*Asks:* 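Below are the structure tokens for one structure; questions will follow.
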Amino acid sequence: MEYKNTLNLPQTEFPIRANLAAVEEKMLGFWKAEDLYDQILEANIKNPRYILHDGPPYPNGDIHLGHALNKILKDIVVKYKGMQGFYSPFVPGWDCHGLPIETQLLKNLSDDDRNKFKEPGNKVEFRNRCKDYALKYVDIHRREFIRLGCFAEWDEPYLTLDPVYESKIAAVFGDLAEKGYVYRGLKPIHWCPHCETALAEAELEYEDEKSPSIYVKFEILTPSLRCAQGIPLSIFDGEGDKGGEVYFIIWTTTPWTLPSNVAIAIHPENDYVFAKVGEEVFVLAEGLLATVKEKLGWHSVEILKKVKGKELEGIICKHPFLDREVPVVLDTYVTLEQGSGCVHIAPGHGIEDYQVGLKYKLPIVMPIDAKGHFDQSVPDWLRGMYYDKSNKVITEKMHADGTLLKLEFMQHSYPHCWRCKKPVIFRATEQWFIAVDHKNMRQEALKSIQHTKWYPSWGENRITGMVETRPDWCISRQRSWGVPIPAFYCKACGKVHVTGIFNKAVVDVFAQEGSNAWFAKEAAEILPKGTKCECGGTEFKKETDILDVWFESGVSHAAVLETRDVLSWPADLYLEGSDQHRGWFQSSLLTAIGYKGRAPYDAILTHGFTVDDKGKKMSKSLGNVVDPQSVVKKYGADVLRLWVASTDFRNDMAASDKILKQVQDAYLKIRNTCRFLLSNLGDYTPGNRPGLTGQVSSNASVSFLLEIDRWILLRLNQLIEKVTNAYDVFEYHLVYHALYDFCVTDLSAYYLDMSKDRLYCDAKDSKSRLSAQYAINEILNSLVRLMAPILSFTAEDLYQCMKSEILNSKLETNSKSKINPEIQKGSVFLLGMPKANKEFLDEKLEAKWNHLLEVREEVYRVMEVLRAEKKIKSSVEGRVELYVQGNTKEVLNSVKEMLPMFFIVSQVTISDYEVAPEESIAGQKVANLKLIVRQADGLKCERCWMWQESVGSHKEHATLCTRCNEVVSASI
RNA sequence: GGGCCAAUAGCUCAGCUGGCUAGAGCGCACCCCUGAUAAGGGUGAGGUCGGAGGUUCGACUCCUCCUUGGCCCA
């Protein structure tokens, strides 16, 4: 007869081919049809909340790998928390305003349209186009995020362009203004003359640029009193106090800022020398004398005097080409790295210059207009000239006057506009600021940072350093696509109004109509009738600047957490790339400190950036970009998700096709292992245990299980502990390794391989087989839940298949989510995470099995020799003779019966170590062991393929061993 | 140029507060099975722990410098 038909071979509907692309699409449909996201929330509605607040990406183009990584990480957090029983809603958001969309749009316009949109009257139309553009990409992003398997409130995301959101922006702005954090001031800022806009630090790109490098002499007009007293030098004699041929030397790479020069700064503690060269005397830092000497080609230099910089304070020099007196001032930021140690100061064109200017009350000379041209305040030979062109004219003029000592060119890193890629300049303009030192905002922020939990811990250090040194926050931009700064100017007296009824009017109108109302309406239409300025004025002008988009996203805690019922303030977690220490974490922190007095988050988790397999950043030019859409197409979203989980995201994360291929291999191994588990449960009723009929609801005792099954459940419960702990601290790469190693080693290589014989060959209802199925059922139920936050599609696919194959299962679930598994509409995400069952955590059993597995290694090593000699093929053809003593003897004897199964051989004998024959081989790792592996005695049983001496002794079934004979006889 | 971070086998990761010949899985090589089969099993070869100094009886682990890479800033 065909004995194969009497075996209990694995059987399952679950296909061996993953075919993820199709399965995932199907599953997305299923989740949507089930409203699974809502179901999960509903299930946990009475439980504690866990709020992960989404940082809004910018909707432009398709999502890239970084976006995918970020959202998948968030999704893992949210799904895990949900499965742990937390009420964990996730409201995704997009940062819709800002320069990129504006410039993108302008780029695609005809010249006529572009000019049309420069007219203030057409702003609303232009903004509507921006809105359409933003919404289009929000849709694309959303579709792509959904495809990754991320669960979220996709139908109602938050958008910074929503009226409610915009209204809240205005409200928070008003609140901060009310508290005095907001001020207006003239300040040099990065300015792009091409885009005619102020740029934030984040909007700058540093690239090499060729610039002139010039040395200029400033003639001393009047040595200061102190200087004259302290240094009654011959150099100041002769023409009396009129000075004479004595000059300061300054060095600069921006000749065009010289018309704005109002001072020369030197370091108070550095030594400065009076160097006589020919008939002239030059003042410069001693530390740079050698450099300057070489640069200027001085042959002989005579040092007339050396003084500390502070002694030179107050000397008045003459501007090289303007009728202006220029004082010498002190500042410690002056360095000896380059130049002459004497720094040309133009407070309108440099941030340090500006600060020195504040200290010395220097005027802010600012003759450059918004387009980068000189205005009327400069001599006629400069008027109207583009700043960059003036470099040549100015140096030529100074050359002609003899004030230019040296002109050369140099390459150096220079800021460029992130959009137009053109060089930017520092230019003083009227701007709106948040005063970060007002009411101790900075100190409060630092305090809040200490109270926040940072993952990884160095994040605290990093953001602390940034907050400690950051300057005031410039929040105004001269653009169209954003939320206007809600400020009114009294036409009569010029006073600015940003609080009280002025703010409330804006907040209301934004909430009703969105911020377009600001551009569509006159001030009088926005403000309540009869609104008056203190001066009595009743007519107001609207501010034309808009807010920095960082301010918009920075108030998301207020605009989203406070306005959505499902959410709450503060969030439990913010999770973004490590660049956000300077970006969103900080803008959110500062606005929240001003608004509510504390950080809007309890914990921050940051991830690194995606790089290629050589550790280089991904860029189009390097051609090493990994595109998530292609990955999803080629491998499936679950493989991408597994990649996210497999890499320690606190560092950079390497991705390449080679790496993804490896992740796919791992994925397939996990999937296949689960499939095999599933295929052995086809005829199993969950809850059934050996020796008992019917179902039991709990395993009050594990003694009914075979030792090997107790061991694998021990390993399973260790896995559950390990995985749970790793999930809790967001270390998903440990989850991945633990799950994977469990599948590869514990299950595939050990347990399942060892269990095949009893699963296939023992009687269907035998104790040994039921024991295995009990364990396998436990394992599969745990695995699908452990993997679900990461391998969401596959876990769900498996679970759905289990449901159809194993109905009525009684699953042990986390008490927080009591799910009735009999519900047909269930999802793996509605089950709790498994909890480790301490009953199985038997340390003695573990130690014993570790020892046994070492013996197994010895056996297989020796068996390999036999195989090489072609004496046996598979291990079942083998007979293992063990010669043991001591501890090893004890352990092996205690499990004597199961050793054939354990080694997957036909026969095992145990003898005393002393009687080991000559040809036996000593264990390498196990000391008390010698062994021999030879061909098994007897014949091969046709049914179970084991070699037994009993084969041939049964009349009915002459080709069967005793065990198989019994099984087959009983079943017929 | 400054701040923060990282660097362990081809790949992804372990290696706690310094202590036995540095571990795992994958990949690779060779072999076996064909009752997990577009699967499964076994054995084996792979590392001067980025480099150089230093502290220590002892350093992959601590310190300094350097190199490379990443983020942020100038």
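Below, chain A is the first sequence line, B the second, and so on; all start at residue 1. Since we're looking at a predicted model, the values are computed, not measured.
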*Asks:* Could you identify the nucleotide paired to B:rA14, looking across every strand shown and requiring Watson-Crick or G-U wobble geometry with both distances under 3.5 Å?
*Replies:*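 Base-paired to nothing in any strand shown.
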*Asks:* For B:rA29 and B:rG53, measure between their P atoms and round to the nearest Å.
*Replies:*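 That atom pair is separated by 38 Å.
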*Asks:* For the side chain of A:K616, starting at C-beta, report the closest nucleotide among B:rG69, B:rC11, B:rC31.
*Replies:*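 Ranking B:rG69, B:rC11, B:rC31 by closest atom to the A:K616 side chain puts B:rG69 first.
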*Asks:* Below 6.0 angstrom between ring centroids: does that apply to A:H733 and A:F649?
*Replies:*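 So the answer is no for these two rings.
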*Asks:* Applying a 3.5 Å limit to both distances, which nucleotide forms a Watson-Crick or G-U wobble pair with B:rU48?
*Replies:*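 Paired with B:rU48, as far as the under-3.5 Å criterion goes, is no nucleotide at all.
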*Asks:* Roughly how many Å apart are B:rU64 and B:rA22, using the C1' atom of each and rounding to a whole number?
*Replies:*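 Their C1' atoms lie roughly 25 Å apart.
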*Asks:* Base, sugar-phosphate, or nothing: which does A:K661 touch, judged by heavy atoms less than 4.0 Å apart?
*Replies:*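 Since no nucleic acid heavy atom lies under 4.0 Å of A:K661, the category is nothing.
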*Asks:* Please determine whether a side-chain nitrogen or oxygen atom of A:K4 lies at a distance below 4.0 Å from atom OP1 or OP2 of B:rU34.
*Replies:*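 Indeed not, no polar side-chain atom of A:K4 lies that close.
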*Asks:* Considering every strand and a 4.0 Å limit on heavy-atom distances, what is the contact class for A:N672: base, sugar-phosphate, or nothing?
*Replies:*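 Here A:N672 touches the bases of the nucleic acid.
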*Asks:* Checking all strands, does A:H581 fall into the base, sugar-phosphate, or nothing category for heavy-atom contacts under 4.0 angstrom?
*Replies:*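 Since no nucleic acid heavy atom lies under 4.0 Å of A:H581, the category is nothing.
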*Asks:* Between B:rA7 and B:rC62, how many Å separate the two P atoms, rounded to a whole number?
*Replies:*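 B:rA7 and B:rC62 have their P atoms separated by 10 Å.
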*Asks:* Within the 4.0 Å heavy-atom criterion, would you say A:R861 contacts the bases, only the backbone, or no part of the nucleic acid?
*Replies:*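 Answer is sugar-phosphate: A:R861 comes under 4.0 Å of backbone atoms only.
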*Asks:* With heavy atoms under 4.0 Å as the rule, sort A:T469 into base, sugar-phosphate or nothing.
*Replies:*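 A:T469: no heavy atom of the nucleic acid under 4.0 Å.
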*Asks:* Cut-off 3.5 Å, side chains only: do A:R470 and A:Q586 have a donor facing an acceptor?
*Replies:*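 There is such a pair between these side chains.
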*Asks:* Classify the nucleic acid contact of A:I16 as base, sugar-phosphate or nothing, counting any heavy atom under 4.0 Å across all strands shown.
*Replies:*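 The answer is sugar-phosphate, as A:I16 gets under 4.0 Å only of primed atoms, P, OP1 or OP2.
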*Asks:* At 4.0 Å (heavy atoms only), tell me whether A:M466 reaches a base, stays on the sugar-phosphate, or touches nothing.
*Replies:*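 Counting heavy atoms under 4.0 Å across all strands, the contact made by A:M466 is with sugar-phosphate only.
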*Asks:* Classify the side chain of A:R675 and the base of B:rA36 as holding, or not holding, a donor-acceptor pair under 3.5 Å.
*Replies:*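 Result: no qualifying N/O pair found.
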*Asks:* Salt bridge or not for A:D683 and A:K764, using N-O below 4.0 Å?
*Replies:*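 Judged by the 4.0 Å cut-off on N to carboxylate O distance, A:D683 and A:K764 do form a salt bridge.
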*Asks:* Just label B:rG69 as syn or anti from its O4'-C1'-N9-C4 or O4'-C1'-N1-C2 angle, using within 90° of 0 for syn.
*Replies:*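 Because its glycosidic torsion lies more than 90° from 0, B:rG69 adopts the anti conformation.
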*Asks:* Is the ring centre of A:F426 less than 6.0 Å from the ring centre of A:W191?
*Replies:*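 No, too far apart.
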*Asks:* Counting the atoms with a prime plus P, OP1 and OP2 as sugar-phosphate, which does A:W643 contact under 4.0 Å by heavy atoms, base, sugar-phosphate, or nothing?
*Replies:*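 No contact.
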*Asks:* Output yes when at least one side-chain N/O atom of A:Y732 is less than 4.0 Å from OP1 or OP2 of B:rC13, else no.
*Replies:*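 For A:Y732, the contact criterion (side-chain N or O under 4.0 Å from OP1 or OP2 of B:rC13) is not met.
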*Asks:* Report the base-pairing partner of B:rA59 (Watson-Crick or G-U wobble, both distances below 3.5 angstrom), or none.
*Replies:*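 None - no nucleotide pairs with B:rA59, as no candidate has both distances under 3.5 Å.
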*Asks:* Base, sugar-phosphate, or nothing: which does A:R856 touch, judged by heavy atoms less than 4.0 Å apart?
*Replies:*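 Touches sugar-phosphate only.
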*Asks:* Give the nucleotide from the list B:rG41, B:rC33, B:rG35 with an atom nearest to the side chain of A:S874.
*Replies:*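 So the nucleotide nearest the side chain must be B:rC33.
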*Asks:* Could you check whether A:A868 gets within reach of a base, just the sugar-phosphate, or nothing at all, counting any heavy atom under 4.0 Å?
*Replies:*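 Answer is nothing: A:A868 stays at 4.0 Å or more from every strand.
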*Asks:* Should the ring pair A:F676 and A:Y760 be called parallel, tilted or perpendicular, given that the plane angle runs from 0 to 90° and is split at 30 and 60?
*Replies:*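 Perpendicular, since the angle between the ring planes exceeds 60°.
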